[in-house]
Peer 1: 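This is the structure I want to talk about, given as structure tokens.
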Amino acid sequence: MSKEIFPIYSSPCGWNAMLPKRTPRSPLQSDLTVDYAIVGAGYTGLAIARRLRELDPQARIAVLEASSVGEGSSARNSGFTGSEVLPRTATLAGAEKARRQTALMREAFDWLKSMIAGAGIECELQKVGSIRAAATEAGEASLRQVVEVAKANGISHTVLGRNEIAERIGSDYYRFGLYLNDTYLLQPAALIRGLADSLPDGIDLYEDTAVQRLKRNGGSWELLTDGGVVRARNVALANNGFIRRFGYLKLRMTTIFTYAAVTCPVPEADLGHLGQSPAWGLLPSHRLGTTLRRIGRDRLMVRSLYAHEHEVPVEEASAKLRDRFVRRWPGLGHVDLEYVWGGATAFTMNGAPWWGKLDDGLFASGGCNGSGIAKGTMLGRHLAELMLGTGDPAKVSSAMGTASLIAPEPFRSIGFQIVSAIESRKAGLEA
Ligand SMILES: Cc1cc2nc3c(=O)[nH]c(=O)nc-3n(C[C@H](O)[C@H](O)[C@H](O)COP(=O)(O)OP(=O)(O)OC[C@H]3O[C@@H](n4cnc5c(N)ncnc54)[C@H](O)[C@@H]3O)c2cc1C
């Protein structure tokens, strides 16, 4: 793992750059004693803070964010979210697990929507559904199994052929697809900024305040930052894959960087290339595939590539994303990419997050495996309840499972190289 205590990116977040400039909250400049300290102001950290405040209105709560809100991973993502969990297999056990996960996600997603509505957060949230699409024979075979799972579980879906996908997205690259209507698209930087800027009184957010070390002192924890020490009886680590920098969960998760690009506005005369749907989002059939979405009237977003623990040079990411874009829309070869950026996300071996108590007064939630908008909100909400000794932690653990052990270094990096080489070959034109 890199030596950085938090992710330092080589390029700014494109979603944030598309918004008016925001003034971050001041960094911590003196020592502080609070009831609860939270490390990380992403979806997970802000959900913990809000839920603690709801349940313990007198509590003093500090959220410490190493970068500025809008530049972290919570802003760097593709903005797909929702609450319906599709079972992995068409078995009864799979259906039951997905049903319990959906119930947790639905409650949290309704909560998130109420925050968006309550604070008037303009994050372009819209329910447009999503197309899971396959460009290859193998991709189609795997999607046909997903269709069977959807059928077996009564999940509303529509099967799409090449022409129907092309009509919607303007590209005939994909041969088979499955449309699921429970997906929402949003502007992630606008959402996380809005959530941070509408935190209730009693929650103090410090930006550009990296927690360098964590240590126990009697019955309290001390969080050391460049501007001062924060003392708290209860601490929540919501800094995702970087929880490991404090020495915890080293064998439970790993950091994967993935990349996104947004095109320049497509000229008026070429808008027909973007399809007939005014808004659409497309997810790949293969896990190393490419995510696409239309943004507003005239831009496209392309998300692809994976790098283990370290960023790849942005020029390399840009060239590869451009190749994926032009392969799908050869008629738009003259349109440049305006923004290209990477983001860190925490992956676990079995896809389950790590959530719970690490030590007396020390809690953590991390490992959203690339889908943290709703899941981070849900896990953060329940982690606050666990910290207060309320709620039903067993309900969360039994529905979500827990991150299994992962190989230590150097085997982990070697394993990643091997698996990603094999999977990239399998992904082929899905990438
Ligand atoms: C390109 C890309 C596309 C994605 N697409 C989607 C998608 O479409 N839908 C979806 O749901 N998810 C998606 N994800 C995943 C999603 O962004 C994450 O799951 C989500 O951000 C996790 O939220 P979090 O709050 O747990 O962690 P994070 O968002 O990573 O927040 C953790 C915060 O902790 C801060 N931090 C780290 N270390 C320290 C420290 N020492 N001191 C203080 N602060 C610290 C970081 O700066 C960061 O802001 C995508 C991710 C990427 C990169």
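Counting convention: from 1, in listed order, for ligands and their atoms alike.
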Peer 1: Is Arg216 salt-bridged to Glu222, going by a charged N under 4.0 Å from an acidic O?
Peer 2: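 Judged by the 4.0 Å cut-off on N to carboxylate O distance, Arg216 and Glu222 do not form a salt bridge.
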Peer 1: Could you tell me whether Phe80 and ligand 1 have an N or O pair separated by under 3.5 Å?
Peer 2: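 Looking only at distances, the answer is yes, because the N/O contact criterion of under 3.5 Å is met.
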Peer 1: For Glu122, look at atom CD and say whether over 12 heavy atoms of other residues, nucleotides or ligands are found less than 6.0 Å away.
Peer 2: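 Counting neighbours around CD of Glu122, 12 or fewer heavy atoms of other residues, nucleotides or ligands fall under 6.0 Å, so no.
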Peer 1: Is Arg293 close enough and on-axis enough to Trp280, meaning under 6.0 Å and within 45°, for cation-pi?
Peer 2: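 Pair Arg293/Trp280 does not count as cation-pi.
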Peer 1: What are the atoms of ligand 1, with element, lying closer than 4.0 Å to any heavy atom of Gly370?
Peer 2: 6 (C), 10 (C), 12 (N), 13 (C), 14 (N), 15 (C)
Peer 1: Students should be able to answer this: which protein heavy-atom is nearest to atom 32 (C) of ligand 1, and at what distance?
Peer 2: Ala238 O, 3.4 Å
Peer 1: For ligand 1, find out whether one of its N or O atoms is nearer than 3.5 Å to an N or O atom of Val211.
Peer 2: yes
Peer 1: Show me which atoms of ligand 1 lie under 4.0 Å from any heavy atom of Gly42.
Peer 2: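 Ligand 1 atoms under the 4.0 Å threshold to Gly42: 25 (O), 31 (O).
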Peer 1: Quick one: which of Asn240, Leu283, Leu305 has a heavy atom closest to atom 22 (C) of ligand 1?
Peer 2: Asn240
Peer 1: Classify the side-chain pair Glu65/Ser67 by whether it contains a donor and acceptor separated by less than 3.5 Å.
Peer 2: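 There is such a pair (donor and acceptor under 3.5 Å, judged by atom type) between the side chains of Glu65 and Ser67.
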Peer 1: Hey, is Gln212 touching ligand 1 through its side chain, its backbone, both or neither, going by heavy atoms under 4.0 Å?
Peer 2: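 The answer is neither; Gln212 stays 4.0 Å or more away.
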Peer 1: Kindly confirm or rule out an N or O of Ser78 lying under 3.5 angstrom from an N or O of ligand 1.
Peer 2: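 Checking ligand 1 against Ser78, an N or O pair does fall under 3.5 Å apart.
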Peer 1: Indicate, as side chain, backbone, both or neither, the part of Tyr9 found under 4.0 angstrom from ligand 1 when only non-hydrogen atoms are considered.
Peer 2: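 It is neither; nothing of Tyr9 touches ligand 1.
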Peer 1: Between the side chains of Asn240 and Thr345, does any donor sit under 3.5 Å from an acceptor?
Peer 2: no
Peer 1: Looking only at distances, can you tell me whether any N or O atom of Gly72, backbone or side chain, sits closer than 3.5 Å to an N or O atom of ligand 1?
Peer 2: no
Peer 1: Suppose I only count heavy atoms of Tyr43 and a 4.0 Å limit; which atoms of ligand 1 are within that range?
Peer 2: 25 (O)
Peer 1: Specify the protein heavy atom at minimum distance from atom 44 (N) of ligand 1: its residue, its atom name, and the distance to 0.1 Å.
Peer 2: Ala66 N, 3.0 Å
Peer 1: Measure from atom 10 (C) of ligand 1 to every heavy atom in Gly82, Gly380, Ser371 and give the option owning the shortest one.
Peer 2: Ser371
Peer 1: Counting only heavy atoms, tell me which of Asn369, Thr255, Asn239, Ile8 gets closest to atom 37 (C) of ligand 1.
Peer 2: Asn239
Peer 1: Atom 34 (O) of ligand 1: which protein heavy atom is closest, and how many Å away?
Peer 2: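 Checked against all protein heavy atoms, atom 34 (O) of ligand 1 sits closest to Gly40 CA, 3.3 Å.
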Peer 1: Would you check whether Phe257 reaches within less than 4.0 Å of ligand 1, judged by its heavy atoms?
Peer 2: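 It does not, in that no heavy atom of Phe257 comes within the 4.0 Å cut-off of ligand 1.
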Peer 1: For Gly45, is at least one N or O under 3.5 Å away from an N or O on ligand 1?
Peer 2: no
Peer 1: Under 4.0 Å, counting heavy atoms only: does Thr81 come that close to any atom of ligand 1?
Peer 2: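 Not so, Thr81 does not reach ligand 1.
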Peer 1: Give the atom numbers and elements of ligand 1 that come within less than 4.0 Å of a heavy atom of Leu64.
Peer 2: 43 (C), 44 (N)
Peer 1: Quick one, Asp323 with Arg327, criterion salt bridge (Lys or Arg N to Asp or Glu O under 4.0 Å). Give me CA distance, side-chain angles, the key distance, then yes/no.
Peer 2: CA-CA 6 Å; Asp323 166 69; Arg327 246 193 287 136; 3.0 Å; yes
Peer 1: Can you tell me which portion of Thr209 lies within the under-4.0 Å heavy-atom range of ligand 1? Options are side chain, backbone, both, or neither.
Peer 2: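 Only the backbone of Thr209 comes within reach of ligand 1.
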Peer 1: How long is the gap from CE on Met301 to CH2 on Trp15, to the nearest 0.5 Å?
Peer 2: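 Going from CE on Met301 over to CH2 on Trp15, the span is 6.5 Å.
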Peer 1: Taking 4.0 Å as the limit for heavy-atom contacts, which would you say applies to Asn77 with ligand 1: side chain only, backbone only, both, or neither?
Peer 2: both
Peer 1: Considering the heavy atoms of Ile5, write down every atom of ligand 1 situated less than 4.0 Å from one of them.
Peer 2: 38 (N), 41 (N)
Peer 1: List every atom of ligand 1 that sits less than 4.0 Å from any heavy atom of Phe6, numbering the atoms from 1 in the order shown and giving each element.
Peer 2: 37 (C), 38 (N), 39 (C)
Peer 1: Heavy-atom distance under 4.5 Å between the side chains of Lys375 and Met400, does that happen here?
Peer 2: yes
Peer 1: Give yes if a backbone or side-chain nitrogen or oxygen of Thr44 is under 3.5 Å from a nitrogen or oxygen of ligand 1, and no if not.
Peer 2: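 There is such a contact, yes.
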Peer 1: Can a donor-acceptor pair be found between the side chains of Glu309 and Thr254 at a distance below 3.5 Å?
Peer 2: yes
Peer 1: Give the contacting part of Ser73 toward ligand 1: side chain, backbone, both or neither, where contact means a heavy-atom distance below 4.0 Å.
Peer 2: both
Peer 1: Does Arg76 reach ligand 1 with a nitrogen or oxygen that is under 3.5 Å from one of the ligand's nitrogen or oxygen atoms?
Peer 2: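 There is no such contact.
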Peer 1: In terms of atom number and element, which parts of ligand 1 are under 4.0 angstrom from non-hydrogen atoms of Ile373?
Peer 2: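 With Ile373 as reference, the close atoms of ligand 1 come out as 9 (N), 10 (C), 11 (O).
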Peer 1: Does even one non-hydrogen atom of Gly372 get within less than 4.0 Å of ligand 1?
Peer 2: yes
Peer 1: Taking atom types as modelled, is there a side-chain donor on Arg193 or Asn16 under 3.5 Å from an acceptor on the other?
Peer 2: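 Present: a donor and an acceptor within the cut-off.
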Peer 1: Taking heavy atoms and a distance under 4.0 Å, where does Ala374 meet ligand 1: side chain, backbone, both or neither?
Peer 2: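 Neither part.
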Peer 1: Any idea which atoms of ligand 1 are less than 4.0 Å away from a heavy-atom of Thr258?
Peer 2: 1 (C), 2 (C), 52 (C), 53 (C)
Peer 1: For Thr255 and Arg244, test the side chains for any donor-to-acceptor distance below 3.5 angstrom and give the result as yes or no.
Peer 2: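 Arg244 and Thr255 do have a side-chain donor-acceptor pair below 3.5 Å.
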Peer 1: Who are the ring pair (Phe, Tyr, Trp, His ring centres under 6.0 Å) partners of His308, not counting sequence neighbours?
Peer 2: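 By the ring pair (Phe, Tyr, Trp, His ring centres under 6.0 Å) rule, His308 matches Phe416.
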Peer 1: How about Arg50 and Ser198: does a side-chain donor come under 3.5 Å of a side-chain acceptor?
Peer 2: yes
Peer 1: Could you tell me if the side chain of Met253 sits less than 4.5 Å from the side chain of Ile406, heavy atoms only?
Peer 2: no
Peer 1: On the ring face of Tyr179, is Arg168 found with NZ or CZ under 6.0 Å from the centre and within 45° of the axis?
Peer 2: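 Output yes; distance and angle both within limits.
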Peer 1: Decide whether Tyr259 and Lys320 meet the rule of one side-chain donor and one side-chain acceptor closer than 3.5 Å.
Peer 2: no
Peer 1: Ignoring hydrogens and geometry beyond distance, is a side-chain donor-acceptor pair present between Gln29 and Tyr206 at under 3.5 Å?
Peer 2: no
Peer 1: Geometry only, no angles: is Ser74 polar-contacting ligand 1 at N/O separations under 3.5 Å?
Peer 2: yes
Peer 1: Which protein non-hydrogen atom lies closest to atom 49 (O) of ligand 1, naming both residue and atom, and how far is it?
Peer 2: Glu65 OE1, 2.8 Å
Peer 1: Is Arg22 salt-bridged to Glu207, cutoff N-O under 4.0 Å?
Peer 2: yes
